[in-house]
Amino acid sequence: MTIFLQLVASGVAVGMIYAAIAFGYQLTFATSKTLNFGQGEALALGALFGLTLVPFTGYWLMLPLVLIFGFALGAVVERLGVRPAVKIKSEYGWIMATIALGIIFRNVAENIWGRDDLKFPSPLPETALSFEGIRVLPMELLIVAGALLMMLAVELFNRKSIWGKAVVATSNDIDAAGLMGINTRKVITLSYSISAMTAAFAGVLVAPVTLTGATMGAVLALKAFAVAIIGGLESGLGVIVGGLILGIVETLTGFYISTGYKDVPGLILLLLVLAVRPVGLFGKAVIKKV
């Protein structure tokens with residue numbers, strides 16, 4: 001039982017990283033029905049940018065600078081990759097555009113920081129804490145707390161601020177929001193900025209417990225996309241639950257079966273959800289009148 005709980009604890013930390021990235025997918029899909037397929041590169045650039053700043057600012061002062069960097073990066077993605085496609089009502093243009101921008105960002109990162117993985121200094125002690133025989137790294141606790149606080153902050157922003165309420169209105173009905181005087185184009189840009197900001201923040205959260213490099217976000221972003229589908233692309237709660245499910249299932253599979261099969265249960269779950277409930281576990285089916 002102790003081993004099982006140890007694996008669950010590790011899976012929760014992994015799952016919250018997936019959830020933080022998937023939360024970014026949920027933000028952009030809610031406002032524009034589009035996704036940034038360069039989320040993995042936003043995560044990697046955030047981690048690498050943070051790694052560059054850490055020697056001068058320390059970890060904690062580096063965080064707000066990374067958030068600003070991610071916010072600006074998201075605006076660039078929306079302006080160059082999404083807005084032109086949405087303007088001409090292209091159904092697939094934004095997919096290729098965001099993928100292309102992601103590849104460009106990855107190549108830029110490789111030319112600036114190199115292809116080798118780098119060690120990101122941990123702001124917390126690397127000695128594991130013990131709770132009733134369960135050993136947890138302090139950084140894993142920070143990952144869980146940081147991801148939850150980030151998503152809570154975005155939720156409070158949406159509920160309490162004028163711009164946040166504009167995001168909610170646009171998510172509910174973009175045409176009605178436009179008729180009410182809301183600049184939906186700026187709202188979509190804002191959603192992309194917040195999305196990339198959450199990815200960059202996730203990058204500096206996970207970097208101290210893994211290696212940092214230009215390709216570090218590729219697998220994480222792919223699994224986060226699966227989490228978003230499993231939980232529901234329009235449900236904040238869904239991405240948290242989906243992330244926890246996938247993280248825990250992967251960890252248990254890797255230990256009890258084989259690390260070579262740890263990705264399989266998540267993919268099977270994804271296929272089952274798509275077959276039984278395509279809108280996700282917490283998604284809502286919408287009937288459109290035509």
Side-chain angles (χ1 to χ4, degrees), residues 1-24 40 42-70 113 117-156 197-213 216-217 219-221 223-224 227 239-256 259 262:
M1 180 57 69
T2 301
I3 295 175
F4 176 80
L5 294 176
Q6 176 73 64
L7 294 170
V8 169
S10 299
V12 167
V14 174
M16 288 310 299
I17 289 296
Y18 294 159
I21 305 170
F23 190 69
L43 180 144
L45 284 175
L48 290 167
F49 183 68
L51 180 62
T52 303
L53 295 178
V54 160
F56 306 101
T57 63
Y59 187 85
W60 306 110
L61 290 179
M62 169 271 296
L63 290 178
L65 298 177
V66 167
L67 293 177
I68 294 171
F69 172 78
W113 287 282
D117 291 328
L118 306 170
K119 173 66 177 174
F120 198 110
S122 176
L124 300 176
E126 297 187 18
T127 303
L129 304 174
S130 182
F131 302 96
E132 300 295 332
I134 301 172
R135 298 173 63 82
V136 181
L137 290 173
M139 200 61 211
E140 290 179 333
L141 297 177
L142 181 61
I143 288 173
V144 175
L148 287 174
L149 286 174
M150 180 271 297
M151 289 185 276
L152 178 61
V154 174
E155 186 64 23
L156 288 175
M197 183 178 70
T198 61
F201 182 64
V204 293
L205 279 181
V206 74
V209 297
T210 183
L211 294 174
T212 307
M216 66 178 289
V219 175
L220 290 173
K223 292 182 179 181
V227 164
V239 298
I240 296 176
V241 174
L244 292 175
I245 291 174
L246 186 59
I248 292 171
V249 168
E250 279 188 356
T251 307
L252 294 176
T253 303
F255 182 82
Y256 288 113
T259 55
K262 72 173 186 177

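Just so it is clear, the values below take in all heavy atoms, side chains as well, and ignore hydrogens, waters and symmetry mates.
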Could I get the full list of ring-ring contact (aromatic ring centres under 6.0 Å, His included) partners for Y59, not counting sequence neighbours?
none
What closest approach, in Å, do P138 and L129 show between heavy atoms, and which atom pair accounts for it?
CG-CG, 4.1 Å
CZ-CG distance between F201 and L149, expressed to the nearest 0.5 angstrom
7.5 Å
CG on L246 to NZ on K223, rounded to 0.5 Å
7.0 Å
Between M139 and V204, which heavy-atom pair has the shortest distance, and what is it?
CE-O, 4.5 Å
From I240 CD1 over to I245 CD1, what is the distance, rounded to the nearest 0.5 angstrom?
12.0 Å
L43 vs M216 side-chain heavy atoms within contact, under 4.5 Å:
yes
Distance-minimising heavy-atom pair for I143 and L205:
CG1-O, 3.5 Å
Using every non-hydrogen atom in the two residues, find where P123 and W60 come nearest and quote the distance to one decimal.
CB-CZ2, 4.0 Å
Are the side chains of V227 and F23 in touch, meaning some heavy atoms are under 4.5 Å apart?
no
First locate atom CD1 of I68, then atom CE of M197, and finally report the distance between them rounded to the nearest 0.5 Å.
10.0 Å
Surrounding CD1 of I3 (heavy atoms of other residues, nucleotides or ligands, distance under 6.0 Å), is the total greater than 12?
no
Ignoring hydrogens, what is the shortest heavy-atom contact between G46 and A200? Give both atom names and the distance.
CA-CB, 3.8 Å
So, for A202 and A20, which heavy atoms are closest and what is the spacing to 0.1 Å?
CB-CB, 4.2 Å
Could you tell me whether F4 atom CZ has more than 12 heavy atoms of other residues or ligands within 6.0 Å of it?
no
Please identify each residue that fulfils ring-ring contact (aromatic ring centres under 6.0 Å, His included) with F120, with sequence neighbours left out.
none
State, with a plain yes or no, whether a side-chain heavy atom of L148 is found less than 4.5 Å away from one of M16.
yes
Between T57 and L53, is there a donor-acceptor pair closer than 3.5 Å when you use the side chain of the first and the backbone of the second?
yes
Side-chain donor-acceptor pairs under 3.5 Å in residues 6-15, sequence neighbours left out?
unit_1, atom_1, unit_2, atom_2, d
Q6, OE1, R135, N, 2.7
Q6, NE2, R135, O, 2.4
S10, OG, Q6, O, 3.2

CG on L142 to CG on L124, rounded to 0.5 Å
5.5 Å
Interatomic distance, CG@L51 vs OG1@T212, rounded to 0.5 Å, equals 5.5 Å
